[in-house]
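Everything below concerns the one structure shown next.
The structure displayed is predicted, hence computed values, not measured ones. The analysis underlying the following values was restricted to heavy atoms, covering all of them including side chains, and did not include hydrogens, waters or symmetry mates.
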Amino acid sequence: MSETQAHSNDDWLPDYSQKSADNLTREDLREALDNAPEVPRKVSDDNDAPKPKSRKAPSRPSGDTKGSSGSSGGGRAGGRGRKRMEIFDDCPVTPLGIRGGHAYYLDVNGQLRAITKHDRETVLSLFGHMNERLSYNFPQWKESKDGGFIRKPRAFDQAAAAWEMYAAASECGVFNPDNAVRGVGAWTDDDGQLIYHMGDSVLVGGEPQRPGRIGKKIYPAYPPIPHPDDSTTPTDPVPEILRTIETWNWAAPDVHPFITLGMVGVQMMGGALDWRPTFWLVAPAGSGKSELQKMMKLLHGDDGIVQTTDVTKSGITSKLGQSSLPVAVDELEPGDERSTKERDIIALARVAASGGEWFRGSADQTGVGGKVYSAFFFSSILIPGVMKTQDVQRLIRLELRPLKAGTAKLNMQPRTWRARGARLKRMLIERWPTWAERMAAWRHALELASVTGRDADNWGTVLAMADMCSQEDIATKDVMASWAAKIAFMANADREETVNDADAMLLHLMGQQYDPFRRGQQYNIAQWVMTAAKLPGAPDGLRNTMGEDDGEVAMTRASEKANSMLANVGLRVQGSGENANVFIANQQIQQLKELFRNSDWAGGVWKQSASRVPGATPTPNPLTLAGIRSRGYLMPVKSIPGLTGFPMDRDRNATVVDGAQAPHGKPLPDDVDDFG
């Protein structure tokens with residue numbers, strides 16, 4: 001700038017030559033400042049100014065650029081301009097949430113991944129074949145030869161990527177894979193629409209979609225399982241499947257083949273059903289049991305069923321994961337009494353019937369678990385005796401007999417039978433919209449035949465599924481009524497072997513041996529109760545053990561002595577004959593605890609079952625037994641199976657039973673059942 005220019009720029013100042021500084025007023029100074037021109041700036045030559053280094057980088061993708069760290073836009077935005085709960089726009093990796101030290105994602109292939117460290121290799125494995133998206137969104141720069149900046153090839157800013165990834169996962173909230181993730185197999189959404197996950201594709205209402213988030217659930221990618229048939233004109237496979245099933249020698253040939261067909265359908269649609277019965281095939285050697293298991297394997301196809309002969313509960317749950325694949329276990333025979341293997345597997349099948357949760361301990365003491373929705377199929381020569389009442393109530397038992405001599409071995413071509421299974425699966429998927437109406441109709445038909453409760457759940461499910469396999473239209477009322485009559489007969493026969501917890505408790509208690517005199521003469525609690533109640537069937541030997549002879553007076557003295565012995569174990573008989581009651585203490589008296597040791601009623605649990613005995617009433621006040629006061633329950637003798645029935649090993653017309661006279665000293669009438 002020249003001196004002349006500098007001087008000319010100062011001409012805005014007022015001429016104070018005629019005025020001393022002392023005479024300047026504040027108004028003069030304020031006026032001069034208000035009228036002052038803009039401060040002059042140096043005009044630089046563009047050619048002389050240094051050039052800034054340019055970054056030769058592409059602009060970020062367009063999208064929501066509100067705020068930072070999710071602080072603006074009403075909490076909707078993510079960090080550095082990304083959308084909330086997304087790593088970046090159109091990211092091939094989907095964040096799902098966090099839990100503990102894990103961040104969950106669906107990787108580029110749709111697999112569920114739990115990540116603890118977002119290091120370079122882990123992040124690369126998540127993005128897989130789309131790693132170039134990392135370089136684009138999280139670039140690393142290097143200086144070029146001309147002084148600018150260019151991207152480093154095959155490199156990305158790992159720290160920046162980890163920052164955004166974990167932030168996005170955290171914004172998704174806490175994630176529980178046990179409740180949110182569904183593996184391969186059949187499922188339904190909240191509206192009852194069928195969702196069939198095939199591993200590499202998901203059928204939603206019959207239309208294929210990529211694995212991922214569908215509705216409120218996550219369907220990750222898995223190794224594919226056999227797909228339903230996709231031919232334009234598939235043939236109906238059911239007639240040939242049913243004809244082959246009928247070639248086995250069934251104990252109930254008019255029922256079991258149709259039920260077996262229904263079982264196959266239940267296995268295929270397992271996770272979509274509200275209830276899954278447990279199927280158990282009882283078959284002796286030479287009955288073709290293993291061949292039936294082979295046919296099941298072929299119908300479901302490789303990887304379409306979890307099938308084994310030597311397995312544990314943890315092995316099954318590990319193989320199932322979050323899937324609803326069926327489980328078939330062959331040769332689950334009764335094992336060592338101390339073994340828990342069979343008990344644990346049967347308990348898992350019990351949980352699977354209603355889609356419940358299972359748990360087991362883990363090395364870090366946090367425990368692991370999940371939900372299981374599989375239909376279980378067992379086969380063995382004998383059913384293990386570890387089954388509880390609730391297990392039996394979920395059971396549909398099928399039975400084979402040895403094959404007749406000269407029966408030819410089946411020649412099942414794998415390709416043919418896999419194709420039949422694929423066609424059957426397609427038919428069930430296409431007919432699924434009729435399931436709710438079909439199930440309701442079959443269940444109603446069973447209830448009209450007095451098949452109710454768990455029996456109706458079991459048989460209604462398998463019959464409705466066999467019907468859906470067989471035909472597109474729902475069976476007529478007459479057909480359903482005919483089947484319901486057959487099932488009612490079978491259910492009533494099986495019910496004789498199914499006892500409730502109260503009957504099971506009484507059966508255990510009454511069968512326990514009690515020898516207070518230590519004379520080696522073993523009598524069970526039932527015989528002591530019969531003696532104390534003066535019931536027919538009280539053994540002569542027990543009365544003689546207490547030093548009593550025959551006669552009414554002797555019976556009364558024997559009753560009193562038996563009662564005093566029962567009091568030592570927390571029991572007491574009140575009254576006599578069929579109107580008597582048996583008192584059981586609530587207090588955990590040591591000898592009463594011994595009677596229930598290692599049973600389901602140990603530790604005082606017996607009082608819960610005692611309260612459920614028909615006609616049982618709690619005592620209003622504590623009673624004294626052998627010096628111990630306790631409340632308890634009075635259980636009618638008539639409600640205790642076996643006590644009031646006429647002994648099967650006595651002559652019908654005898655007037656004396658084991659030394660005790662029959663009522664009125666008269667022969668029993670011809671219509672009395674020896675078996676009680």
Side-chain angles (χ1 to χ4, degrees), residues 176-188 197 217 263 265-281 296 300 304-308 310-330 332 334-335 339-362 366-380 383-398 439 453-462 465 494 498-501 504 600 605 608:
N176 183 3
D178 294 338
N179 295 327
V181 175
R182 288 177 168 178
V184 294
W187 307 94
T188 56
H197 190 357
K217 301 296 182 181
M263 177 184 70
V266 170
Q267 291 174 328
M268 289 182 172
M269 298 289 106
L273 304 176
D274 293 330
W275 184 259
R276 289 159 290 278
T278 299
F279 300 92
W280 204 302
L281 175 67
M296 298 293 169
H300 292 288
I305 186 172
V306 176
Q307 191 175 58
T308 183
D310 184 15
V311 74
T312 61
K313 173 186 174 183
S314 60
I316 293 174
T317 55
S318 298
K319 186 71 174 178
L320 284 175
Q322 279 99 7
S323 77
S324 63
L325 293 176
V327 177
V329 181
D330 192 14
L332 190 67
S339 171
T340 62
K341 172 184 172 181
E342 295 82 11
R343 184 183 298 111
D344 291 344
I345 294 175
I346 292 171
L348 184 64
R350 179 201 318 151
V351 170
S354 57
E357 294 192 63
W358 62 270
F359 296 97
R360 70 169 184 265
S362 62
T366 59
V368 294
K371 292 187 175 182
V372 57
Y373 297 88
S374 300
F376 277 70
F377 171 55
F378 300 104
S379 59
S380 61
I383 296 179
V386 296
M387 297 192 75
K388 297 183 178 181
T389 299
Q390 55 266 44
D391 299 320
V392 178
Q393 290 175 342
R394 289 161 167 78
L395 187 67
I396 288 182
R397 189 174 69 174
L398 305 169
M439 177 64 192
R454 281 286 179 255
D455 288 337
D457 292 335
N458 293 334
W459 293 102
T461 300
V462 71
M465 189 59 71
D494 290 341
T498 305
V499 295
N500 56 41
D501 68 291
D600 292 340
V605 178
Q608 300 176 41

Using side-chain heavy atoms (C-beta onward) and a distance below 4.5 Å, is Asp344 in contact with Thr312? no
Test of understanding: with side chain to side chain contact (heavy atoms under 4.5 Å, CB included), list the residues that count as partners of Asp600, not counting sequence neighbours. Lys388
Ignoring hydrogens and geometry, is there a side-chain-to-backbone donor-acceptor pair from Arg397 to Leu281 under 3.5 Å? no
Can you tell me how far apart CZ (Phe377) and CG (Leu332) are? Round to the nearest 0.5 Å. 12.0 Å
Minimum-distance pair of heavy atoms, taken over all atoms of Asn458 and Trp275: OD1-NE1, 2.8 Å
Looking only at heavy atoms, what is the nearest atom pair of Ala352 and Ser374, with distance? CB-O, 3.2 Å
Neighbour count above 12 (heavy atom, 6.0 Å) for Asp274 CG: no
Tell me, with the steps shown, if Leu348 and Val372 meet side-chain contact (heavy atoms from CB on, under 4.5 Å). CA-CA 8 Å; Leu348 184 64; Val372 57; 4.1 Å; yes
Judged by atom type as modelled, is there a donor-acceptor pair below 3.5 Å linking the side chain of Lys313 to the main-chain atoms of Ala347? no
Give a yes or no answer on whether the side chain of Arg276 reaches the backbone of Gly270 with a donor-acceptor pair at less than 3.5 Å. yes
What is the distance from atom CG of Leu398 to atom CD1 of Ile396, rounded to the nearest 0.5 Å? 7.5 Å
How far does CD1 of Ile316 sit from OG1 of Thr308, to the nearest 0.5 angstrom? 8.0 Å
Does Ala186 have any side chain to side chain contact (heavy atoms under 4.5 Å, CB included) partners at least two apart in sequence or in another chain, and if so, which? Leu194, Tyr196, Met269, Ala272
Okay, side chain of Thr317, backbone of Ser314: is any donor-acceptor separation there less than 3.5 Å? yes
All heavy atoms of Gln322 vs all of Trp187, minimum pair found to be O-CZ2, 3.3 Å
Interatomic distance, OG@Ser379 vs CE@Met296, rounded to 0.5 Å, equals 9.5 Å
Side-chain donor/acceptor of Arg350 to backbone N/O of Ile346, under 3.5 Å: no
Could you give the distance from OG (Ser354) to CG (Leu273), rounded to the nearest 0.5 Å? 12.5 Å
To the nearest 0.5 Å, tell me how far Lys217 NZ sits from Asn179 CG. 6.5 Å
Do the side chain of Arg182 and the main chain of Thr188 share a donor and acceptor less than 3.5 angstrom apart? yes
Begin with the C-alpha distance, continue with both residues' side-chain angles, and end with the deciding distance and a verdict on side-chain contact (heavy atoms from CB on, under 4.5 Å) for Leu395 and Phe279. CA-CA 6 Å; Leu395 187 67; Phe279 300 92; over 6 Å; no
Taking only residues two or more places apart in sequence or in another chain, which ones pass side chain to side chain contact (heavy atoms under 4.5 Å, CB included) with Ser323? Val184, Leu320, Leu325
Test item: Phe378 and Thr278 side chains (from C-beta on) under 4.5 Å apart, heavy atoms: yes
Identify the two heavy atoms, one from Pro326 and one from Ile305, that lie closest to each other, and give their separation to 0.1 Å. O-CG1, 3.4 Å
